[in-house]
Novice: 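Below is the structure I would like to discuss, written out as structure tokens.
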Amino acid sequence: MKNDGFFKLAVIVGVISWMAIFAFVPNILVFLASFSSTSTQNFIEPGFSLSNYARLMDTTHLSILLSSLRLSGLVTVICLVTAYPFAAILARTRKPLRNTLLLLVVIPFWTNSLVRTYAMTAMINSSGIVNNVLLSLGIIDTPLAMMYTPGAVVLGLVYTLLPFMILPLYAALERLDRRYLEAARDLGASPWRAFWKVVVPLTMPGIVSGCMLVFLPGIGMFYVSDVLGGAKAMLLGNFIRDQFLTTRDWPLGAAASVTLTVLMGVMLLLYWKSAARLGGKEA
Amino acid sequence: MTESVAQSQALPVVQLRNVAKVYDGQHALKEVSLDVQRGEFLTILGPSGCGKTTILRLVAGFEGATSGSISIDGRDVTDLPPERRNVNTVFQSYALFPHMNVFDNVAFGLRMKGRPATEIATEVRETLRLVQLEGFDTRAVGKLSGGQQQRVAIARAIINRPLVLLLDEPLSALDYRLRKQMQLDLKHLQRKLGITFVLVTHDQEEAFSMSDRVVVMNNGHIEQIGTPVSVYEEPRNLYVARFVGEINIIDAEVVELGENRARVRAQGLDVFMRTSHAFRPKEKVHILLRPEDLRVETLKDLAEDPELEDVFARDRSLVGTVEETIYKGATYDVVVRLDAGGIVTATEFFNEDDETVYFKASDRVAVSWVEGWEVVLPYEK
């Protein structure tokens with residue numbers, strides 16, 4: 001009995017200290033750093049100023065931020081539009097086949113995503129599989145330049161992040177009671193209107209969580225941009241990494257990190273609100 | 001013009017012609033034909049899995065028939081989707097849209113029809129008043145009680161003025177008292193609106209108390225269609241007899257045939273019984289007797305009171321011993337083991353004049369009934 005209590009305590013203390021040392025404290029440091037300035041002697045001069053956030057708002061930095069948001073937004077939309085029908089079909093498929101399909105969605109996770117991103121280059125570079133197939137079919141005469149374009153980064157991000165959209169959508173659609181759909185049709189709604197008036201609102205928590213799980217990594221996955229996008233920093237993630245490792249402007253990198261975190265917080269709030277709106281039944 | 005109106009009045013509002021439905025190679029419905037008359041309250045009664053809900057779903061259009069045809073108001077709708085059929089459904093679990101308040105739920109159908117907002121507001125308010133939910137407009141449906149949700153579901157359906165309202169076990173989730181109240185409310189609502197109601201239930205009491213006609217189903221086909229009285233008093237077979245209440249079944253043999261009657265021998269009985277079936281001599285039959293139709297007297301009382309013996313009709317009585325009595329509140333059941341074998345149950349009212357008159361186990365008794373209240377059916381395995 002006494003030992004049991006000790007074990008429980010040890011586990012709790014262990015987890016809490018782990019979180020404190022490796023998550024909470026670093027985040028506080030980043031938060032503090034975002035208000036400090038830099039000098040030639042030290043990476044960080046303690047102090048309080050909003051100048052880093054002001055610098056983040058200048059045109060070059062702002063354009064990186066905006067283009068990163070735009071790129072990630074595009075990735076999110078593509079994932080949503082492709083994942084929704086797939087998840088809907090998955091939710092209606094019978095058990096053995098459904099499990100197989102779910103397995104196929106999850107299998108890519110067994111390989112490191114950096115490795116998979118490199119594998120993507122073998123698909124789309126000038127002597128890659130896609131170009132070879134198109135050339136041999138006579139559809140194109142010269143290889144398409146797909147590598148090192150924003151399109152390649154979008155493709156890489158969609159490929160990596162699609163499962164994160166499918167799974168929450170599947171969960172939401174699978175839980176959706178078919179009778180709501182029947183009730184809507186019974187009351188005169190066409191399949192299209194029943195979808196927009198009933199299915200979409202009732203699966204909104206799944207849509208929002210899927211979008212969050214895609215949009216946020218879509219801003220930060222710098223290695224996808226590094227491998228497929230070339231030297232040009234396209235994502236906010238690249239920008240933050242560069243501030244810390246290349247430019248050595250830690251306060252600016254910290255300010256960008258905090259901005260990203262706040263963005264995530266706002267989206268979580270949105271998610272919570274959309275879930276609470278449907279709360280009556282779920283809770 | 002008037003002639004065609006009269007014609008359409010006479011036409012059944014829903015017609016099922018040899019409709020079958022197969023799920024996974026299993027017949028949920030086997031070649032069912034059914035006419036629903038305009039303005040009637042029809043109840044489809046049967047145990048779970050008998051195909052009663054399948055009929056409702058086929059009429060609503062949620063399922064397609066494997067074979068056969070369905071028409072509504074004289075028009076073939078077999079291949080029409082639910083939104084193009086002039087019927088509405090009250091679902092078993094109500095299926096109210098959880099992301100909408102009461103008003104939006106009730107307004108849904110009219111909005112789909114593209115009616116102007118002011119008109120919708122008026123009609124929703126009127127319909128909510130009809131189901132006694134005035135002022136509930138902005139309530140979240142998840143926060144309502146079961147009975148209130150039920151009434152929202154009814155309002156959401158009837159606001160569309162359907163030709164037929166389909167109700168799928170609408171009262172099964174409610175507690176006993178509320179269910180009784182809703183049975184009355186539904187019946188009154190149906191009278192008031194003049195809409196045809198087709199209700200599905202497994203509760204025979206519910207079916208009898210509300211309906212103009214009852215359809216008894218079993219195993220994917222219809223066993224009997226008729227008024228509650230005819231189904232209860234003239235069951236067509238043993239299944240119907242057993243499903244719509246308690247019944248005593250006595251095996252017997254036909255001895256002699258008469259016009260609309262047959263002389264039957266069983267358990268020491270040898271009497272003519274009324275029957276519309278065409279039996280042959282020596283044919284085995286069942287005699288069906290409802291417990292409340294049976295009268296029980298002790299042999300002692302019969303021996304002591306000649307008057308009682310006269311009204312009791314000894315020639316059609318069965319003799320046995322009381323095995324036990326079961327108290328039911330307003331009535332009590334007397335279980336009698338017959339001397340010739342077999343058990344019958346009789347339901348007796350308490351004697352207001354003499355509360356001590358009550359059968360005891362091991363009392364020697366005779367059981368009888370009024371001539372003509374028995375039902376004679378062909379023998380079934």
Side-chain angles (χ1 to χ4, degrees), chain A residues 80 84 87-88 91-98 168-169 171-211 269-283, chain B residues 23-24 53 56-63 80-102 104-115 120 139-144 149 152-162 164-168:
Chain A
L80 181 62
Y84 207 103
R92 292 247 215 122
T93 309
R94 283 172 189 236
K95 255 296 151 43
L97 180 61
R98 185 204 289 188
L169 284 179
L173 282 159
E174 202 241 359
R175 250 185 331 181
L176 179 74
D177 193 334
R178 275 189 58 78
R179 262 174 304 216
Y180 294 133
L181 199 58
E182 286 177 353
R185 299 286 302 278
D186 187 68
L187 294 165
S190 62
W192 181 247
R193 293 185 83 183
F195 175 76
W196 286 107
K197 295 278 176 196
V198 174
V199 180
V200 168
L202 288 178
T203 53
M204 198 43 91
I207 295 173
V208 174
S209 64
C211 286
L269 198 72
L270 280 176
Y271 170 68
W272 181 75
K273 280 201 160 169
S274 86
R277 205 157 57 96
L278 296 174
K281 271 228 157 132
E282 320 263 312
Chain B
Y23 291 111
D24 302 328
T53 298
L56 219 60
R57 293 178 61 79
L58 285 165
V59 175
F62 304 140
E63 314 270 355
L80 284 189
E83 66 269 25
R84 295 185 52 201
R85 299 182 183 201
N86 197 2
V87 299
N88 286 111
T89 305
V90 175
F91 291 83
Q92 184 170 13
S93 52
Y94 317 138
L96 298 176
F97 302 126
H99 58 298
M100 297 180 190
N101 62 23
V102 170
D104 291 336
N105 263 282
V106 177
F108 193 90
L110 296 184
R111 284 186 178 146
M112 289 302 118
K113 284 184 190 142
R115 299 269 286 276
I120 291 175
R139 297 275 202 99
V141 291
K143 302 251 159 43
L144 300 179
Q149 290 190 16
V152 176
I154 291 167
R156 184 177 71 169
I158 60 173
I159 197 170
N160 304 293
R161 303 284 144 86
V164 183
L165 185 68
L166 307 168
L167 303 107
D168 185 8

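Each chain gets a letter, A, B and so on, in the order the sequences are listed, and its residues count up from 1. Below, all heavy atoms of this structure are taken into account, side chains as well, without hydrogens, waters or symmetry copies.
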Novice: Pick one of side chain, backbone, both or neither for R84(B), based on which atoms fall under 4.5 Å of a heavy atom in chain A.
Specialist: neither
Novice: Nearest 0.5 Å, what's the CZ-CG distance between F62(B) and D186(A)?
Specialist: 4.0 Å
Novice: Thinking salt bridges, do D24(B) and R94(A) make one under a 4.0 Å N-O criterion?
Specialist: yes
Novice: For a quick test of reading the model, state the closest non-hydrogen atom pair linking L187(A) to A157(B) and the distance between them.
Specialist: CD2-CA, 4.5 Å
Novice: Side chain, backbone, both or neither: which part of R185(A) has a heavy atom under 4.5 Å from chain B?
Specialist: both
Novice: Provide the closest heavy-atom pair for P201(A) versus H99(B) in the form atom of the first, atom of the second, distance.
Specialist: CB-CD2, 3.3 Å
Novice: Checking A194(A) against chain B: side chain, backbone, both or neither under 4.5 Å from a heavy atom?
Specialist: neither
Novice: Can you say whether N88(B) sits under 4.5 Å from chain A via the side chain, the backbone, both, or neither, judging by heavy atoms?
Specialist: both
Novice: Would the number of heavy atoms belonging to other residues, nucleotides or ligands and lying under 6.0 Å from CZ of R179(A) be above 12?
Specialist: no
Novice: Can you see which heavy atom on Y180(A) is nearest to which on L96(B), and at what distance?
Specialist: CE2-O, 3.1 Å
Novice: If you count heavy-atom pairs under 4.5 Å with chain B, which of P191(A), S190(A), A184(A) comes out on top?
Specialist: A184(A)
Novice: Taking the side chain as every heavy atom from C-beta outward, state whether M112(B) and K197(A) have any pair of such atoms under 4.5 Å apart.
Specialist: yes
Novice: Return the minimal non-hydrogen interatomic distance between A183(A) and A95(B), and the atom names on each side.
Specialist: CB-O, 4.0 Å
